[in-house]
Each structure stands twice: as structure tokens, then as C-alpha cells.
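Chain letters run A, B, ... following the sequence lines, proteins first, then strands; residues in each count from 1.
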Amino acid sequence: MRAKIMDRAATVILTLIAVLIIGTLVGLLGFILTQGWHKLNLDFLTSPPDIVKAGGGIGPQLFNSLYLLVLTMVIALPLGLGAGIYMAEYAPDNKFTQFIRMSIEVLSSLPSIVVGLFGLLVFVNMTGWGYTLFSGALALTVFNLPLLVRVTEDAIRNVPRSQKEASLALGITKWRTIVSVILPAALPGILTGTILASGRVFGEAAALLFTAGMSSPDLDFSQFSLSGPTSPLNPFRPAETLAVHIWKVNSEGLAPDARDVADGAAAVLIIAVLLFNLSARWFGAWIYKKMTSGAN
Amino acid sequence: MTHRTDTPSQSGIARKMLTSNKRQWTENVTGRLIATVCAALLIIVVLSITYFIASKGLSTFFVNGISITEFLSQVKWDPEGEPAVYGVFPFILGSFLVTTLAALIAAPLGIGAAIFMIELYPNFGKKVLKPVIELLVGIPSVVYGYVGLTLLVPFIREQFDVLGFSLLAGGLVLALMILPTITSVAADAISAVPQDLRNASLALGATRWQTIWNVVLHSSLPGCLTAIVLGMARAFGEALAVQMVIGNTTKLPGSLLDPISTLTSGITLNMGNTIQGTPYNNALWSMALLLLLMSFVFIMILRIIGRKGLVNK
């Protein structure tokens, strides 16, 4: 009898825990979205922030976040793909491979602030660039590389052996097999993982405080040169991203509507992250269907 | 015995197949080389992170001549005083306290949710709880900090009539942040338990809970421990969300409701305001080195747990 009561009680408690977690997420999203909802208009999304007066927007920050995401992925994706291919296809069972595995483990558990500080030393001070978008992108590359390598490796390992063997049996070289048979088959997994990694880049702040900096120059959006100091596309200018902006406004905001700005910016960030997450899901399912002719 | 009568075109193919194609060979070797270089880059990055942080962090002791034991054990942090005192013990204590508190809250919840997801209602777990957990992972840490600041801190302030910025607020925010990590890793470990074990236990007349408690949790223990340690590693290194809600004083806390500082919050707040190369600045780098060393310690613990798990199987 006791055992039965225990069983019932455990079921109830575990269910409560599950309800609590789901409730927390719903509450969190609901809170952030309702707080920031009234701020979500075109003016807020496009106008520059105001340091002391009310009515500032988050235009440059939003642009910086997106541009930084593109820069980071342009650098990180090829490196992650290369290392992932090595780990899945070439890595022999030896000390070197073990060392790489260890490195991936270390990198993925490093606190992001430590990555940021490393970026400050190497990409900001040693190179003499100062706080720049490019330094931020390099720091985020370090931060995201382990995830991308793991995603690529897993996706490649999930490709059926027979496909690879068929290609090799046709006399096609190993590299050609990887590029034209294995990678296309592993693409859905790689893309889904990349979109999720993008969400992480978009929300990361600690690694950027001391690499991309905490301020933005006045951007002139009619300029498109890669070198002008006020040109939005110049990768060698300081850039405050949306996530960094939220942190800064919350901890040292001077504008009278700092709370409001933080509410709006948090809502925008959450919506962006939700979009990344949902699109990864949807895209993964869609491409899977495409490639397997709908069989499930 | 028959002679092989090859037509000219067949012998051409044979020759083509037997002689190595230089272009393909180069391509093959180059491809392999590029992949190897990318992989080697990971090692280079880890080594250079260790080297650069260590060389900066150790200069507190070797250039500025501050003793390591004093640095670690002194409870007074007054880098701008005369004479300046660099005791990081409050920061270290703060980091450990907030991490432990977060783990104490998140571990039972996370493992409970994992059991619910795998053992009780696998369908609901897969369709609802798993996506929810994945969404929680994706929420940026500044957003957790922002919610803590606008919701949790005022709540604590009103409930207990204190400042609000506190160890408790930090622990709760971190618990929420590491909950998804613990849940998903523990869920993987629990679902890896062979079904035979469950069936055997149920066949002996054990209830579902007895089976979960005595059989499933017992055999997935290394995985669940891994989950908790991974969560703690994440909590220990988290910077901004914690910094926003813990109040950042270097006094030692007397209760859960007192404000504290952590290694990460100390670095975040002061790194930008100090001049490179000064003893104050170097002390911050030493704190970063401590963070780095702690993440090595966490990895070692994880490896030991992993090895134990293999031995038990």
C-alpha cells in the first residue's frame, strides 16, 4: 500500500515540476512581450538611441547585431565545417585526435567572459585595432566554433555509410565524395545547427563587452564604404549590439525612459531568438521532407 | 587459355583507371590538409587562450609581487586604497555560493523534469516539454538578467524588506538558466537506460516509482551527475545575468538576502575602468585566470565521472 501511495505522490510531484517549467517559460515570454509590446514600432526599431533624453531607439544596435552575426558566420562556418569534416572523416584514433576532442570540450565549457577577455588581449590590444566589429566577430568565432564542429561532425556521422561506400566504389576520391555526396546529405543537420548557433551569437553579450565595445559611432546609413568611420558596413569600427545595449541600459542607463528602452529591446531580442529557433525547426523539418520524399 | 582481346577504348579506360590522376590527387590531399588545419586551429586557440590569460594573470604575483596566498585568502578588496589591498576571497566565495545555490534549486527540478519526460509521459514530453526546454536554452543571458532585475529583485525587496539585490536573486536567475542544461543532459542519460532493466524490475512487482528510483536513477547516476556538473560549470562562468541582480558588494554575505560579488561580476564591472598594466588591472586578469582554472577543474570532474560510469557498466 505504501509503495502505491509513494508511486502516486511521485507522479504528482513530477507532473508539478513539468507544469512549473512550462509555466515559467510561458510566464517569461508573456512578461517580456507584454512589457515591451508598446515599444515595438518602426520608429523605435530604426532611430538611434538617446543617452540623456527620452525617446531614443535601437536602430544602430539592431543593425550591429545583424551585421556581427553575418561577419561571425562568414569566419566561423568554414572553420567549423573543416574541423567537423576532419573529426568525422579523417581523424585517426591517436593522441592528436584526443587532443582536439579535449580542446573542443575545453572551448565549449569556457565562460564567455573569458573568451571576451582573450579577445581583448589578442584581437583588440595586440592587433592594435581597438574595439571593433571584427574583433567581436573573431571572439564570437572562438565562442561558437566548438558548437559548429560538433554539429557538423554529428551531421556527417549520421549520413548512411552505404552512400559514402557507393561513391567510393565508383572510383571517386575521398575528398570529392565528402564534398559532393556526404556534405549535401548532411546539410539539413548542419543548417539547423547553424541557425541555432546564430541565435546564440545574436544574444551573446559578455564576450562582446571588451571586443566589439559598448558604444557605436553615429552611423550614416547613406554610406556604404567599407572604411568610412561612420559607415555602417565598416568592420573596423566599434559597435554595440542589442544584447550589450540591454545590459548597458539596465546597469547604467541615464535616459529617463531607460526602463522603457530596456523593455523594448528585450522584447526585440526575444522575438529574434524565437524566430531563429522556430525557423531552425521548420527548416530542418522542411528540408528533411524534401530530401527523403516525404517518407517519415 | 584465352587471350584478352581488349578493344582500344577499353584499354584506354583501364589505363585511365590505373594511372593516378594528378589533379584529383592534389585535390584530395589539399582537402585533407585544409580539414586538418581547421581541426588543429582548435588546439592552437585553446593553447593561446591559456597562455595569454595565464601570462597576464600571473603578473600580479610575479611583476607586482603580491603573494598568492594573500591574494586568495584575504577578505578585503580595496584596490584603490592606500596601501591597496587585493583580496579576492569575497569574489571566490560569492561565485561558489551562487553556483551551489543554483545547483541545489535546479538539480532536483531538472532531473525531475527529465524523469517526467522519459518515464512518465514520453509523448507529452517529446511534443511539449522538450521544445520548451530548448527555447529556454536559447534565451540570451542578458534577458534572464533583465527579468531578474525587473521582476525578481523588486519582489524580494518587498517581501523581505531588504535591498533586493542578493545572493538569492542571483541563485534563482542562475537556477533558471541552468535548468534546461541539466534537464536535457539528464534526459539523455535516462533514456539510455536499457528497457530490459525496467521490465525486469516491473516484472518483480515493483511500482513505477520504485523502478525509477531504484533502477533507472541508479543506472543513470553518472549521466545525471554529469548534467549537474555541466550546469554548475555554466553557472560559475555566467557573467552579465548574475552581475545585474547580485548587488556587487565585496562584503562577505551574512544571509541569503545579502548582496554579494562574483569573480565574473568583478571582472565585468572593473575591466573597462582600469588602466592596462596597473596592479589593479592585473588583479582582474588573475581573477580571469581563476575562472579559466575552474573551468579546467569542471572538465576534470566530468572526465572522472565519465570514466566511473564506464567502469560500472
Side-chain angles (χ1 to χ4, degrees), chain A residues 3-4 6-7 10-11 13-15 17-18 21-22 24-25 28 31-32 79 82-83 85-87 90 99-100 103-107 109-114 117-118 121-122 142 145 149 171 173-176 178 199 203-206 209-210 243 246-247 250-251 262 266 269-270 273 276-277, chain B residues 17 24 27-28 31-32 34-39 41-43 45-46 48-49 52-53 56 109 112-113 115-116 120 128-129 132 134-136 138-143 145-147 149 151 176 179 207-210 233 236-240 244 264 267-268 271-272 276 288 291-292 295 298-299:
Chain A
K4 283 224 165 118
M6 279 286 279
D7 189 62
T11 309
I13 292 172
L14 291 174
T15 311
I17 290 177
I21 292 178
I22 296 170
T24 309
L25 179 83
L28 257 180
F31 174 76
I32 296 166
L79 294 175
I85 290 173
Y86 180 83
M87 293 313 279
Y90 290 111
F99 210 48
I100 297 174
S103 302
I104 296 175
E105 211 177 324
V106 170
L107 274 183
S109 71
L110 273 188
S112 57
I113 181 102
V114 171
L117 291 175
F118 169 70
L121 269 185
V122 177
V142 171
L145 209 49
V149 173
T173 62
K174 184 162 183 178
W175 180 250
R176 274 275 130 212
I178 293 172
E204 178 53 38
L209 289 182
F210 306 120
I246 293 178
W247 178 75
N250 270 315
S251 48
L269 193 59
I270 274 295
V273 168
F276 278 116
N277 204 302
Chain B
M17 285 182 79
Q24 277 184 355
E27 193 183 72
N28 211 11
R32 190 193 173 117
I34 292 172
T36 315
V37 168
C38 288
L41 191 69
L42 288 163
I43 299 181
V45 167
V46 168
S48 52
I49 288 180
F52 282 111
I53 304 257
K56 274 291 241 183
L109 291 178
I115 296 172
F116 177 89
L120 298 194
V128 181
L129 199 54
V132 163
E134 282 170 8
L135 274 184
L136 278 173
I139 295 179
S141 63
V142 282
V143 173
Y146 153 81
V147 173
L149 193 65
L151 216 58
L176 190 56
L179 184 63
T207 62
R208 184 162 66 174
W209 175 246
Q210 283 171 330
F236 201 87
E238 175 49 45
L240 303 186
M244 284 158 91
T264 49
I267 297 171
T268 314
M271 187 57 90
Q276 288 286 324
L291 276 180
L292 185 68
S295 75
F298 279 120
I299 288 173

Which atoms of [X] come close to chain B, meaning under 4.5 Å heavy atom to heavy atom: side chain ones, backbone ones, both, or neither?
X	result
A/Ile22	both
A/Leu79	both
A/Leu269	side chain
A/Leu209	side chain
A/Val114	both
A/Val273	side chain
A/Thr24	side chain

If we define contacts as heavy-atom pairs under 4.5 Å, which of [options] has the most with chain A?
options	result
B/Gly237, B/Ala35, B/Ser141, B/Pro140	B/Ala35
B/Val132, B/Leu176, B/Leu129	B/Val132
B/Leu292, B/Leu135, B/Thr264	B/Leu135
B/Val128, B/Ile139, B/Ile115	B/Ile139
B/Thr268, B/Leu291, B/Leu179	B/Thr268

To the nearest 0.5 Å, what is the distance between [atom1] ([X]) and [atom2] ([Y])?
X	Y	atom1	atom2	value
B/Leu240	A/Glu204	CG	CD	7.5 Å
B/Met244	A/Asn250	CE	CG	4.0 Å
A/Phe210	B/Ile267	CZ	CD1	8.5 Å
A/Ile13	B/Trp209	CD1	CH2	7.5 Å
B/Phe52	A/Leu121	CZ	CG	7.5 Å

Part of [X] lying under 4.5 Å from any heavy atom of chain A:
X	answer
B/Ile34	neither
B/Ile49	both
B/Val37	neither
B/Ile43	both
B/Ala288	both

Interface residue of largest heavy-atom contact number with chain B, from A/Val106, A/Ile32, A/Ile85, A/Ile246, under 4.5 Å |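 Ranked by contacts with chain B, first place is A/Val106.
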
Suppose we screen for salt bridge (charged side-chain N to carboxylate O under 4.0 Å, His left out). Which residues come up paired with B/Glu134, at least two apart in sequence or across chains?
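If we apply the salt bridge (charged side-chain N to carboxylate O under 4.0 Å, His left out) test to B/Glu134, skipping adjacent residues, the hits are A/Arg281, B/Lys130.
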
For A/Phe99, does the CZ atom sit with more than 12 other heavy atoms under 6.0 Å from it, leaving out its own atoms?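 No, CZ of A/Phe99 has 12 or fewer neighbouring heavy atoms, counting only those of other groups under 6.0 Å.
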
Using a 4.5 Å cut-off on heavy atoms from C-beta on, say whether the side chain of A/Ile113 contacts that of B/Met271.
->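 With C-beta onward as the side chain, the pair stays apart.
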
Worksheet item: Are the side chains of A/Leu28 and B/Leu136 in touch, meaning some heavy atoms are under 4.5 Å apart?
Response: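 Yes, close enough: below the 4.5 Å cut-off.
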
| field | Under the side-chain hydrogen bond (donor to acceptor under 3.5 Å, both in side chains) test, residues paired with A/Arg176 that sit two or more places apart | value |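 Per chain and number, A/Arg176 pairs via side-chain hydrogen bond (donor to acceptor under 3.5 Å, both in side chains) with B/Glu27.
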
For this session: Evaluate side chain to side chain contact (heavy atoms under 4.5 Å, CB included) for B/Leu151 paired with A/Phe31, printing each intermediate quantity in order.
Result: CA-CA 9 Å; B/Leu151 216 58; A/Phe31 174 76; 3.2 Å; yes

